[in-house]
Amino acid sequence: MSKQEKTNEWDSLWQEYTKSLENWKSLFEQIQNTSNDMQAKFNQVWEKATAESSAETMKLFGENWQKAMTEAGMKSFKEFSENWQKSLNDANTAAFKQVAENWQKSLSSSGLEQMQVYGDMMKKFAETWNSMWPKTQ
């Protein structure tokens, strides 16, 4: 292989790599933006729920959400469950809000596996919410 062919091969490989890196960066930014948007919407829903719902309703919602995650085979909500139980003892808006903030931080802050778990928990949140407060047509 000539020196020119090796240079062309290297240039081609480098271009492929940088294109792949640019694609990765674009997808990563999309995930970050979507995750931030989802968290902001979740926070709005959560704040409205805690302000307008009784402690008993929030307790029932938490139980239903935990049941949905258990039925889905999710093991990663143990800490959430413990914090939820603690917040029920306090039974105030600030305690419920702290639970949401704590588990969101822990689940969304590390790795792809945690990102998947976070997405699964948010999906179960939405499904549980919809089963308790279905949309009226």
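This structure is a prediction, so every number in the text was calculated from the model and none was measured.
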Colleague: Nearest 0.5 Å please: distance from the CD atom of Q66 over to the CE atom of M121.
Modeller: 9.0 Å
Colleague: About how many Å separate CG of D11 and NZ of K6, when rounded to the nearest 0.5 Å?
Modeller: 14.0 Å
Colleague: Verify, without hydrogens or angle tests, whether N130 (side chain) and A126 (backbone) share a donor-acceptor contact under 3.5 angstrom.
Modeller: no
Colleague: Let me confirm one number: the NZ-OG1 distance from K123 to T128, rounded to the nearest 0.5 Å.
Modeller: 11.5 Å
Colleague: Check whether any side-chain N or O of S53 sits under 3.5 Å from a backbone N or O of A49 as a donor-acceptor pair, and report yes or no.
Modeller: yes
Colleague: Take Q4 and N8, measure what side chain to side chain donor-acceptor pair (under 3.5 Å) needs, and give me the verdict at the end.
Modeller: CA-CA 6 Å; Q4 182 61 38; N8 288 343; 3.1 Å; yes
Colleague: Give me the ring orientation class for W46 and W65: parallel if the planes are under 30° apart, tilted from 30 to 60°, perpendicular past 60°.
Modeller: tilted
Colleague: Would you say the side-chain atoms of T57 and S54 include a donor-acceptor pair closer than 3.5 Å?
Modeller: yes
Colleague: When the ring planes of W14 and Y17 are compared, do they come out parallel, tilted or perpendicular, using 30° and 60° as the limits?
Modeller: tilted
Colleague: Could you tell me whether the side chain of E5 and the main chain of S2 form a donor-acceptor pair under 3.5 Å?
Modeller: yes
Colleague: When you measure from the side chain of T34 to the backbone of Q30, do you find a donor-acceptor pair of N or O atoms at a distance under 3.5 Å?
Modeller: yes
Colleague: Rounded to the nearest 0.5 Å, what separates atom CE in M38 from atom CG in N36?
Modeller: 9.5 Å
Colleague: For S35 and I31, indicate whether the former's side chain and the latter's backbone hold a donor-acceptor pair under 3.5 Å.
Modeller: no
Colleague: Got a second to check how far K124's NZ is from N64's CG, nearest 0.5 Å?
Modeller: 12.5 Å
Colleague: Give, for atom CG of D37 and atom CD of Q32, the distance between the pair rounded to the nearest 0.5 Å.
Modeller: 13.5 Å
Colleague: Report yes or no: does N43 contribute a side-chain atom to a donor-acceptor pair with the main-chain N or O of Q39 at less than 3.5 Å?
Modeller: yes
Colleague: Are E22 and K19 within salt-bridge range, i.e. N to O under 4.0 Å?
Modeller: no
Colleague: Do V45 and K41 come within less than 4.5 Å of each other through their side chains, counting heavy atoms only?
Modeller: no
